[in-house]
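Here is the structure we will look at.
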Amino acid sequence: MDFKAYVADKLAGLTGLTRDALAGALETPPEQKLGDLAFPCFVLAKTLRKAPPAIAKELAEQFGTDAYIARAEAVGGYLNFFFDRTAFTKDVVQAIRTAGGDYGRSDIGKGKTVLVEFSSPNIAKPFHIGHLFSTAVGNSLEHIYNYLGYTTVKINHLGDWGTQFGKLISAYKRWGDKAVIEQDPINELLKIYVKFHEEAEKDPALEEEARDYFKKLEDGDPETTALWQYFRDVSLLEFNRVYDRLGVSFDSYAGESFYSDKMQEVVDILSEKQLLTDSDGAKVVRLDELNIPPCIILKSDGATIYATRDIAAALYRKRTYDFYKNIYVVGTPQALHFKQIFAVIEKAGFSWAKDCVHVGFGLVKFPDKKLSTRHGDVVFLEDVLNESVQKTLEIITNNNPDLEQKEEVAEKVGIGAVLYTFLKNSREKDIVFSWDNMLDFEGESAPYVQYTYARGRSILRKADMDYSGADFSKATSDDEYALIAQLAAFGDAVVDAAEKNEPFYVNRYVTNLARCFNKFYNNYPILRSDVDTETKKARLAIVDVTTQVIQSALGLLGIQTVESM
Ligand code: ARG
């Protein structure tokens with residue numbers, strides 16, 4: 001049952017306002033002691049020509065109490081409603097048990113398609129920590145939209161085209177050794193790419209050579225194309241290894257190269273709309289009215305660039321998927337780039353430009369390492385994952401030496417810890433990587449939440465009894481009720497996360513849920529012999545549905561649960 005709708009209905013009868021208007025006006029009070037819902041009576045002050053506190057008092061008397069609402073109380077200009085705890089608990093527990101893993105789902109997105117572009121690493125370059133940030137946020141956003149009934153499409157806009165491939169081909173021709181590359185493809189390709197830059201500083205002719213190779217690639221020359229294909233294949237093999245570990249998959253790998261033959265259309269549209277102007281031989285779209293630099297469409301040598309490929313990609317996506325939203329999960333340093341391409345699309349007369357959204361995120365700081373792919377001193381993502389799993393293994397071996405399948409548990413918890421770190425705060429905030437925080441089993445971390453889940457599951461296993469048909473009048477303390485209220489709030493957290501494109505709403509939600517659970521668990525014995533059977537059943541049922549919701553919420557973050565740890 002929808003308690004909010006119930007209150008709105010009853011209030012509608014008393015005030016003459018519509019049910020919808022009332023549902024919109026009803027708020028969730030900031031503290032439990034102020035009730036479950038609050039109606040701000042100033043909404044009625046004008047029509048009734050009375051002071052809000054007087055209205056609140058009158059309505060409180062008229063509202064009275066019933067089987068669902070234990071109390072309606074006037075506090076200042078507010079009318080606060082207290083649900084009947086037994087009725088509400090019963091209702092929430094039942095709803096979760098019925099829906100199972102679908103609790104909190106909705107169909108508000110039905111019939112609408114949301115594209116989520118994320119990860120998008122560059123071929124022959126390491127998959128670095130910024131790409132991991134994008135992967136964590138994008139994967140979670142996709143799950144969140146999906147949960148709300150949207151049709152979702154996961155796109156990996158691979159960086160597999162551009163003048164850098166001319167450089168790489170030139171480097172490969174000079175210093176490449178296939179046998180060595182086969183051993184450790186991305187590192188080796190990176191090595192020769194770095195060497196190219198060093199050598200080109202001494203001998204500028206190399207740059208010329210690289211430009212020629214890229215031209216050949218653009219013209220479809222078979223030998224250079226085969227090399228490029230090889231670089232792409234070995235890179236994807238490595239990327240997929242990481243995606244498998246993270247439990248991430250894509251519907252499309254249409255990256256930059258996919259649009260290499262779809263760029264003429266962009267140039268044609270822009271020139272037909274007379275948006276292209278010359279600038280030192282290059283063709284650009286001026287964006288003076290927005291006070292931002294022009295968007296370069298064609299370089300002076302006629303080559304297209306990153307931005308042109310993105311405009312071609314947006315046109316293609318609209319045509320192919322007719323999206324409701326086209327989301328790009330890319331670091332905030334590229335904010336200007338997206339502003340430019342969205343502005344160009346808008347100027348070209350496409351009203352759906354407003355449905356393109358750049359979802360940015362901050363930088364990842366390692367207390368003593370810098371992140372850059374040019375100079376070789378990058379932090380490799382796989383090293384981060386391995387280290388996290390290794391450290392987790394040490395901790396759980398220490399805490400629980402007899403645990404079975406330790407390696408498997410450490411993999412899920414260690415990876416979960418990394419993902420959680422990226423989803424912990426508002427995404428635009430920079431992250432300082434700290435193993436101590438990430439793996440703090442008592443702090444704000446994935447292990448803390450995963451441990452809470454495992455704890456709950458362990459009680460259920462130990463209890464080994466049927467707790468259906470529990471009497472929830474046995475579980476109405478403040479701590480129990482706070483947990484129930486938190487369980488009921490799951491759906492709202494998912495909606496908030498989608499509205500702001502901020503998975504951290506779900507992250508914060510599940511962390512708070514774990515906190516509420518632990519408070520309940522620490523204060524109320526469940527299996528102790530002095531607890532009567534009815535109370536035991538009620539508490540077990542609450543444990544059961546809590547573990548269910550923790551699992552669903554972590555699932556939306558791409559984090560797995562373990563049965564023991
Ligand atoms: N490959 C780019 C990079 O690593 C990110 C691509 C972002 N997506 C886009 N549509 N431009 O920086």
Side-chain angles (χ1 to χ4, degrees), residues 114-139 141-142 153-165 167-168 186 189-190 193 228 231-232 235-236 238-239 242-243 248 250-260 262-263 266 295-297 304-321 323 325-345 350 352-353 355-364 370-375 378-381 422 427 501:
V114 172
L115 311 187
V116 188
E117 184 215 287
F118 64 100
S119 200
S120 309
N122 302 316
I123 293 304
K125 296 261 190 80
F127 190 130
H128 64 66
I129 207 83
H131 296 123
L132 180 59
F133 204 153
S134 167
T135 308
V137 171
N139 185 50
L141 277 183
E142 185 273 332
V153 182
K154 299 172 277 184
I155 301 176
N156 195 333
H157 189 77
L158 287 175
D160 59 0
W161 206 248
T163 47
Q164 71 271 27
F165 288 95
K167 295 177 186 176
L168 190 61
I186 295 187
L189 291 175
L190 179 67
Y193 183 71
W228 167 84
F231 300 152
R232 192 179 192 272
S235 301
L236 264 182
E238 290 206 30
F239 297 157
V242 173
Y243 293 139
V248 168
F250 293 93
D251 301 306
S252 161
Y253 283 91
E256 294 187 50
S257 69
F258 181 76
Y259 302 101
S260 60
K262 297 175 181 60
M263 246 104 66
V266 175
C295 183
I296 306 173
I297 302 295
T304 58
I305 60 161
Y306 187 53
T308 328
R309 290 191 280 278
D310 257 326
I311 296 167
L315 292 170
Y316 175 84
R317 289 178 190 177
K318 185 64 195 176
R319 212 173 276 149
T320 308
Y321 304 106
F323 55 73
K325 258 191 214 178
N326 175 23
I327 293 174
Y328 299 80
V329 185
V330 182
T332 36
Q334 294 194 35
L336 176 60
H337 163 75
F338 286 106
K339 223 184 215 167
Q340 289 174 314
I341 64 162
F342 299 163
V344 171
I345 294 167
F350 298 107
W352 48 264
D355 305 324
C356 298
V357 195
H358 172 219
V359 168
F361 54 81
L363 300 173
V364 184
K370 264 227 213 93
L371 291 172
S372 144
T373 54
R374 275 288 163 76
H375 305 98
V378 286
V379 177
F380 286 95
L381 169 72
F422 292 105
R427 55 188 157 68
N501 291 314

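Remember, it's 1-based here, ligands and their atoms both numbered in the order they're listed.
- W352 has its ring centre less than 6.0 Å from the ring centre of F323.
- Below 4.0 Å from some heavy atom of H157 lie the following atoms of ligand 1, by number and element: 8 (N), 9 (C), 10 (N).
- Ring centers of Y316 and F258: under 6.0 Å apart, within the cut-off.
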- Could you walk me through whether F250 and F239 pass the ring pair (Phe, Tyr, Trp, His ring centres under 6.0 Å) test, one step at a time? CA-CA 12 Å; F250 293 93; F239 297 157; over 10 Å; no

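- By the 6.0 Å contact criterion, NZ on K262 is enclosed, its count of non-hydrogen atoms from other residues, nucleotides or ligands being greater than 12.
- Distances shorter than 4.0 angstrom occur between a heavy atom of H131 and an atom of ligand 1.
- Residue S120 has at least one N or O atom closer than 3.5 Å to an N or O atom of ligand 1.
- Judged purely by atom type and a 3.5 angstrom limit, K154 has no side-chain atom pairing as donor or acceptor with the backbone of E117.
- Ring geometry for Y253 against Y243 counts as tilted: the plane angle lies between 30° and 60°, on a 0 to 90° scale.
- Considering backbone and side-chain atoms alike, E117 places an N or O below 3.5 Å from some N or O of ligand 1.
- Remark: ligand 1 atoms within the under-4.0 Å shell around heavy atoms of Y306 are 2 (C), 5 (C), 6 (C), 7 (C), 8 (N), 9 (C), 11 (N).
- Here is the list of ligand 1 atoms found below 4.0 Å of a heavy atom in Y328: 10 (N).
- In this structure, of D310, I341, N326, the residue bringing a heavy atom nearest to atom 10 (N) of ligand 1 is D310.
- Taking distance alone, with nitrogen or oxygen atoms compared against 3.5 Å, N122 approaches ligand 1 more closely than that limit.
- Heavy atoms only, all atoms of each residue included: I123 and S235 are closest at CG2-OG, 3.6 Å.
- Contact analysis leaves K125 out of contact with ligand 1, as no non-hydrogen atom separation drops below 4.0 angstrom.
- Nearest protein heavy-atom contact of atom 12 (O) of ligand 1 is Q334 NE2, 3.0 Å.
- For ligand 1, the atoms sitting less than 4.0 Å from at least one non-hydrogen atom of V330 are 7 (C), 8 (N), numbered in the order shown with element in parentheses.
- No more than 12 heavy-atom neighbours from other residues, nucleotides or ligands sit within 6.0 angstrom of CD1 on I296.
- Contacts between F338 and ligand 1, counted as non-hydrogen atom pairs separated by less than 4.0 Å, involve the side chain only.
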